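What follows is one structure encoded as structure tokens, with my remarks underneath.
Throughout, a chain's letter reflects where its sequence line sits, starting with A, and its residues are numbered from 1. Keep in mind it's a predicted model, so treat the numbers as computed, not measured.
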Number of protein chains: 2
Amino acid sequence: MVFQQRVKMSDVARTAGVSVATVSKVVNGRYGVARATAERVQQVIHELGYEASLGAQSLRSHRTNVLGILVAEFEPFSTELLKGASQEVAGSGYQLLAYSSGDGEGAAVGWERRSLARLSGTLIDGAVIVTPTVVETENSFHVVAVDPHTGPSDLPTVDSDNFAGAVLATNYLLSLGHTRIGHISGRSDLKSAQLREAGFRSAMAEAGVPVDERLVRVGGFRIESAAGTAAELLSLIDRPSAIFAGNDLSAISTMTVARDMGLCVPNDLSVIGFDNVPESALVNPPLTTIMQPLQRMGAEALRLLVDLIAGVERDTHIRLPTELVIRSSCRPLR
Amino acid sequence: MVFQQRVKMSDVARTAGVSVATVSKVVNGRYGVARATAERVQQVIHELGYEASLGAQSLRSHRTNVLGILVAEFEPFSTELLKGASQEVAGSGYQLLAYSSGDGEGAAVGWERRSLARLSGTLIDGAVIVTPTVVETENSFHVVAVDPHTGPSDLPTVDSDNFAGAVLATNYLLSLGHTRIGHISGRSDLKSAQLREAGFRSAMAEAGVPVDERLVRVGGFRIESAAGTAAELLSLIDRPSAIFAGNDLSAISTMTVARDMGLCVPNDLSVIGFDNVPESALVNPPLTTIMQPLQRMGAEALRLLVDLIAGVERDTHIRLPTELVIRSSCRPLR
DNA sequence: GACCGACTCGAAAACGTTATCGATACCGAT
DNA sequence: ATCGGTATCGATAACGTTTTCGAGTCGGTC
């Protein structure tokens, strides 16, 4: 527990025999300091292990070179995005900070939002938000949203083609001969959830197959409530022969529920998911699903954010393609 | 892209008709301001949506109420810890920030360490570190290490009983009749990896079973290199009948390698892991493993950190128990 | 040999907050 | 009335940086 005095710019200045102003210039690579001086200062900085104080920097220059990524929770989906973003940040000269809004807590929500705003406004230059909670466009700093919340906000976004993906999934099930297809949708305030349901309905209509409204239900955003919804669906007398789950997590929990009810996937029930989180390849049976390039989405979001801050003109809505990944959780009817 | 001026303390002070000093007092709940004034100020704060500037706060008071948790990478292990920590932080009045050191990049390592130090010294009050990279005890702020790196550092730590867990695993394999047991150990600079190997050897010795040195190898810390090690092990003419992998990730990749080589787990090869990350329940076959209470470890680490900062006297080395979780990846020999 | 420009450098103000400490107001008691 | 003592409040000096701008130096040119 050694207490070590933090070495500050004035320390560097003193030992190098120059003023703090000069040190600051050297640190930031500004013009106007002689070659020899700069090298000497660099030397001292290195020896003393000087690090700029983020607080002071932020206070004075309103720039910290730190970016944030805000996730609702650390689940597989956001973890993949995190990975992508943290890889992308490497060369950019920025530092990445992740924080979780701790969603799901009811009472604490005000507190969370406050401290969130506190971070945002003051110590990060911009943020990627991956959370269904309301976004505050009112802020003066840059944000880009991944898989954005519904609403009239025109935030820069990156998402994947949810509609097309849902069509892909539904058509696949249809091509296997299924017609009684159930859909467990995600939380309805997510644009992606709406689009997936829309894609599902559109594909069904296209195929001339009526959708039984009792078979499309919204699963909670929590894994447990998805299980509840799945159980309801599978308890129907004329239960569906296939289920298109709104995301892999609910697909996985559907499979678990099915197994618990004595149903065999894929023999008695086909299940297809959405996202292609790493877990979906591991479960038994391996889950057929729609791939979103999660890591790439994280990376794109970060790059977009960096560009926005740098002020480069570019398209601020990125939509990445989805893809059908066939594994073993679906099979032809009969 | 509306630019909104950040509302500062002086704004609040002006509209409330008091001085900034007073506002500061009511914000921090200090003694010495009249009831009525405090309420009025609170009101104004609310109306204007005032949030303190972290930068200024940190600069002036060296206290930010923000804690950090540093992970090497966002893999299942650290993600579980993250969850635990972020749940624990909720009531504590602190805000939690996660950052990844982006380990594995060779060249950038200097840069990472620098910016890391920058964050540490200046904008967070303490940190939980979950990374095998060298820890800097030299700092003046509080850290607690989870699953610490080896070395003479006497940092506050929380870990699980790795030795006992390894004994548990080995004895289980032994009790199944296995004697040719392989061990894939983790990166050798992790104390936990050393302890697991030690536990393995101890249990073997206790049972009077000699360990074949060709069967204990260190797998890289990456999942791919673990696969390489597993392949070597399984290619031996007298290959082991069981493998105790140093962690679940290498156990899982061992199972994959085994399958690719035409070996059936558990019929031809028993595999046991360590950690009990969520993935281990999902893989096929479900992995028998040693459970560490990961989320609880994260929570304990955070609580310890908070206590340390608060200056409460307490035990600074927490060791949580491990447990054998029997699933389907092991079976009796023959 | 005076002057001009280019080049280096440092003094000082500002960023938004907290902490100290003196000023003021008010009260009851002498 | 005067006084001591409490409440309550506000000026002000930090905290460590960045940035502006004026001062100083030096070499070269008429």
What does B:Val27 touch in the nucleic acid at a heavy-atom separation under 4.0 angstrom: a base, only the sugar-phosphate, or nothing? nothing

Could you check A:Ile69, A:Leu70, A:Val71 and say which one makes a side-chain contact (heavy atoms from CB on, under 4.5 Å) with A:Ser100? A:Val71

Round to a whole Å and report the spacing from OH of B:Tyr31 to C1' of C:dC21. 16 Å

With side-chain contact (heavy atoms from CB on, under 4.5 Å) as the criterion, how do A:Gln57 and A:Thr64 come out once you've worked through the C-alpha distance, each side chain's angles and the decisive distance to 0.1 Å? CA-CA 6 Å; A:Gln57 253 177 344; A:Thr64 57; 5.5 Å; no

Do side-chain atoms of A:Ser58 reach the backbone of A:Leu54 as a donor and acceptor pair under 3.5 angstrom? no

Answer yes or no: is there an ion pair linking B:Asp11 with B:Lys8, defined by an N-O contact shorter than 4.0 Å? no

Protein-nucleotide distance (A:Leu54, atom CG; C:dC15, atom C1'), rounded to Å: 15 Å

Residue A:Ser61, side-chain heavy atoms: nucleotide from D:dT18, C:dC9, C:dT18 that is nearest: D:dT18

Which nucleotide in D:dT18, D:dC9, D:dA11 has an atom nearest any side-chain atom of B:Ala21: D:dA11

Polar contact flag, side-chain donor to acceptor under 3.5 angstrom, B:Gln43-B:Glu39: no

Atom CE of A:Met9 and atom P of C:dA14: how far apart are they, to the nearest Å? 20 Å

Value in whole Å for how far the P atom of C:dG10 lies from CZ of A:Arg30: 17 Å

For C:dG10, take OP1 and OP2 only and decide whether either is under 4.0 Å from a side-chain N or O of A:Thr22. yes

How do B:Ala56 and B:Arg35 order along DNA chain D: which one's closest nucleotide is nearer the 5' end? B:Arg35

note: B:Lys25, atom NZ; D:dT8, atom C1'; distance rounded to Å ~ 8 Å

Separation of D:dT17 P from B:Leu123 CG (nearest whole Å): 14 Å

Under the 3.5 Å rule, do the base of D:dT17 and the side chain of A:Arg60 count as making a donor-acceptor pair? no

Picking from C:dC9, D:dG16, D:dC9, the nucleotide nearest the side-chain atoms of B:Val33 would be D:dC9

Heavy atoms only, 4.0 Å cut-off, all strands: where does A:Thr37 land among base, sugar-phosphate and nothing? sugar-phosphate

Has the side chain of B:Glu73 got a donor or acceptor atom that lies under 3.5 Å from a matching backbone atom of B:Glu75? no

Does OP1 or OP2 of C:dT18 have a side-chain N or O of B:Gln57 closer than 4.0 Å? yes

At under 4.0 Å between heavy atoms, what does B:Ser24 touch on the DNA or RNA strands: base, sugar-phosphate, or nothing? base

Measure the distance from CZ on A:Arg14 to P on D:dG16 and round it to the nearest whole Å. 12 Å

Between A:Leu59 and B:Gly17, which has a closest nucleotide on DNA chain D that is more 5'? B:Gly17

Whether B:Tyr50 contacts C:dT17 is assessed here as follows: a side-chain N or O lying under 4.0 Å from the phosphate OP1 or OP2. Is that the case? yes

Let me know the distance between CZ of B:Arg63 and P of D:dG16, rounded to the nearest Å. 18 Å

From C-beta outward on B:Ala34, which listed nucleotide comes closest to its side chain: C:dC9, C:dT17, D:dC9? D:dC9

If you compare every side-chain N and O of A:Ser19 against the phosphate oxygens of C:dG10 (OP1, OP2), does one of them come in below 4.0 Å? yes

